[in-house]
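Numbers here are sequence positions counted from 1.
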Amino acid sequence: MNFKKYKFFFFISIVYLFALNISEIKIVLRIDNNIITNVDLKNESNFLKIQNPKIKTLNQNDLEELSKNSLIRHIIKKSETDKYFKIENNSSLGEKLIEQNYLNKGFLNESEFKIFLKNQNLQYDIYREKLIIEKLWNTLIYEKFKNKVK
């Protein structure tokens with residue numbers, strides 16, 4: 001009988017902890033079949049702060065609005081670049097972009113940069129994907145409009 005009480009208490013504890021974690025994630029926007037959560041906004045905010053340290057001076061509302069707009073543009077860019085490129089096929093491009101990026105920011109190696117990203121609460125894969133999509137987007141725009149530039 002005592003074991004059943006522990007089992008029941010354990011089950012209730014797990015359900016309660018799970019419910020607490022779910023309440024922290026909220027859907028902020030929906031764009032086509034993509035959703036933007038408060039976690040996505042936080043990741044985007046961290047990404048933008050890494051890319052441009054002056055953004056840290058913005059107040060919270062401005063930073064949230066900037067992050068939201070940036071995520072909307074990112075989703076549009078991703079959906080368009082997916083029509084022409086496969087991110088999986090561009091892993092060497094991603095590594096090259098990461099290397100250029102961390103060298104430009106003054107880091108000596110990738111592991112040092114990964115530690116920096118972790119301290120900034122941003123996952124390496126998210127950072128890498130954003131760099132790849134931005135590069136593919138720029139390539140797509142250039143190829144599409146290069147004949148119209150004089």
Side-chain angles (χ1 to χ4, degrees), residues 10 12-150:
F10 180 73
I12 294 298
S13 299
I14 295 295
V15 169
Y16 178 73
L17 289 174
F18 184 69
L20 283 177
N21 287 337
I22 287 178
S23 66
E24 293 177 13
I25 299 174
K26 297 175 183 151
I27 296 175
V28 178
L29 282 172
R30 182 170 175 249
I31 302 167
D32 292 331
N33 294 329
N34 299 301
I35 59 169
I36 296 176
T37 65
N38 57 333
V39 175
D40 296 328
L41 283 177
K42 185 66 177 161
N43 285 336
E44 188 67 17
S45 171
N46 293 338
F47 175 77
L48 292 172
K49 287 176 187 176
I50 291 169
Q51 292 301 94
N52 185 354
K54 292 179 183 177
I55 288 178
K56 292 177 184 177
T57 62
L58 293 176
N59 67 41
Q60 187 61 32
N61 290 336
D62 291 342
L63 182 59
E64 188 175 307
E65 191 65 30
L66 181 66
S67 299
K68 193 183 301 184
N69 290 334
S70 179
L71 274 172
I72 291 168
R73 286 190 304 275
H74 176 76
I75 288 172
I76 292 168
K77 289 175 182 180
K78 183 171 178 6
S79 67
E80 286 301 309
T81 56
D82 284 348
K83 293 176 186 175
Y84 302 96
F85 307 103
K86 297 288 182 211
I87 290 180
E88 301 82 32
N89 297 342
N90 290 293
S91 61
S92 62
L93 172 65
E95 299 310 315
K96 190 184 298 184
L97 289 170
I98 287 284
E99 182 179 4
Q100 289 173 348
N101 204 274
Y102 72 71
L103 290 174
N104 288 341
K105 294 187 182 310
F107 294 96
L108 301 176
N109 56 42
E110 187 175 342
S111 60
E112 191 178 292
F113 187 64
K114 284 182 178 180
I115 292 169
F116 169 75
L117 289 177
K118 187 175 182 180
N119 291 337
Q120 299 298 316
N121 297 320
L122 187 62
Q123 295 175 2
Y124 175 80
D125 294 336
I126 292 172
Y127 191 83
R128 183 176 167 275
E129 179 185 328
K130 288 187 175 295
L131 291 179
I132 291 172
I133 289 172
E134 191 64 34
K135 180 66 173 178
L136 294 176
W137 173 258
N138 291 341
T139 302
L140 177 65
I141 295 301
Y142 173 75
E143 289 299 322
K144 191 169 186 175
F145 295 108
K146 70 180 177 184
N147 295 330
K148 296 181 180 181
V149 176
K150 294 181 182 179

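For the side chain to side chain donor-acceptor pair (under 3.5 Å) condition, the pairs that include at least one residue of residues 63-75, sequence neighbours left out, are Glu44-Ser70. Note on residues 130-150: no pairs pass ring-ring contact (aromatic ring centres under 6.0 Å, His included), not counting sequence neighbours. Applying the ring-ring contact (aromatic ring centres under 6.0 Å, His included) test to residues at least two apart or on different chains, the pairs with a partner in residues 24-51 are Phe47-Tyr127.
Atom CG in Asp125 sits 9.5 Å away from atom CD1 in Ile132 (nearest 0.5 Å). Rounded to the nearest 0.5 Å, atoms CD (Gln120) and CG (Asn43) are 12.5 Å apart. Remark: Leu140 CG to Phe85 CZ distance equals 5.5 Å, nearest 0.5 Å. Here the CD1-OG1 distance, from Ile133 to Thr81, works out to 5.5 Å after rounding to the nearest 0.5 Å. A distance of 12.5 Å separates NZ in Lys77 from CD1 in Ile72, rounded to the nearest 0.5 Å. A distance of 11.5 Å separates CD1 in Ile75 from CZ in Arg30, rounded to the nearest 0.5 Å.
Taking the ring centroids of Phe107 and Phe113, they lie under the 6.0 Å cut-off.
For the residue pair Asp40/Thr37, the side-chain donor-acceptor check at 3.5 Å is satisfied.
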**Request:** Report the C-alpha distance between Tyr102 and Leu108 in whole Å, list the side-chain angles of each, state the deciding distance to 0.1 Å, and finish with yes or no for side chain to side chain contact (heavy atoms under 4.5 Å, CB included).
**Result:** CA-CA 8 Å; Tyr102 72 71; Leu108 301 176; over 6 Å; no
Stepwise, does the side chain to side chain contact (heavy atoms under 4.5 Å, CB included) test hold for Leu136 with Tyr84? CA-CA 9 Å; Leu136 294 176; Tyr84 302 96; over 6 Å; no
**OP:** Go through the steps to decide whether Lys130 and Gln51 satisfy the test side chain to side chain contact (heavy atoms under 4.5 Å, CB included), and finish with yes or no.
**Re:** CA-CA 11 Å; Lys130 288 187 175 295; Gln51 292 301 94; over 6 Å; no
_Check against side chain to side chain contact (heavy atoms under 4.5 Å, CB included), Asn101 and Leu131_ = CA-CA 9 Å; Asn101 204 274; Leu131 291 179; 3.8 Å; yes
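The environment of CG in Asn52 is crowded: more than 12 heavy-atom neighbours from other residues, nucleotides or ligands sit within 6.0 Å. Environment of NZ in Lys49: crowded, with over 12 heavy atoms of neighbouring residues, nucleotides or ligands closer than 6.0 Å. Residue-environment remark: NZ (Lys105) exceeds the threshold of 12 foreign heavy atoms within 6.0 Å.
Partners of Gln100 according to the side chain to side chain contact (heavy atoms under 4.5 Å, CB included) rule, which considers only residues two or more places apart in sequence or in another chain, are Lys96, Leu97. Residues meeting the salt bridge (Lys or Arg N to Asp or Glu O under 4.0 Å) test with Lys83, sequence neighbours left out: Glu80. For Glu110, the salt bridge (Lys or Arg N to Asp or Glu O under 4.0 Å) test picks out Lys114, with sequence neighbours left out.
In this structure the side chain of Ile35 never reaches within 4.5 angstrom of the side chain of Val28, judged on heavy atoms. Under the 4.5 Å side-chain criterion, counting only non-hydrogen atoms from C-beta, Lys78 is in contact with Glu129.
Minimum interatomic distance between Glu112 and Asn109 (heavy atoms only, all atoms of both residues): N-OD1, 2.8 Å. Between Leu63 and Ile55, the closest heavy-atom pair is CD1-CG2, 3.3 Å. Of all heavy-atom pairs spanning Asn61 and Asn59, the tightest one is N-OD1, 3.1 Å. Annotation for Thr57 and Lys54: closest pair OG1-O, 2.7 Å, computed over non-hydrogen atoms. Of all the heavy atoms in Asn121 and Asn46, the pair that sits closest is O-ND2, 3.0 Å.
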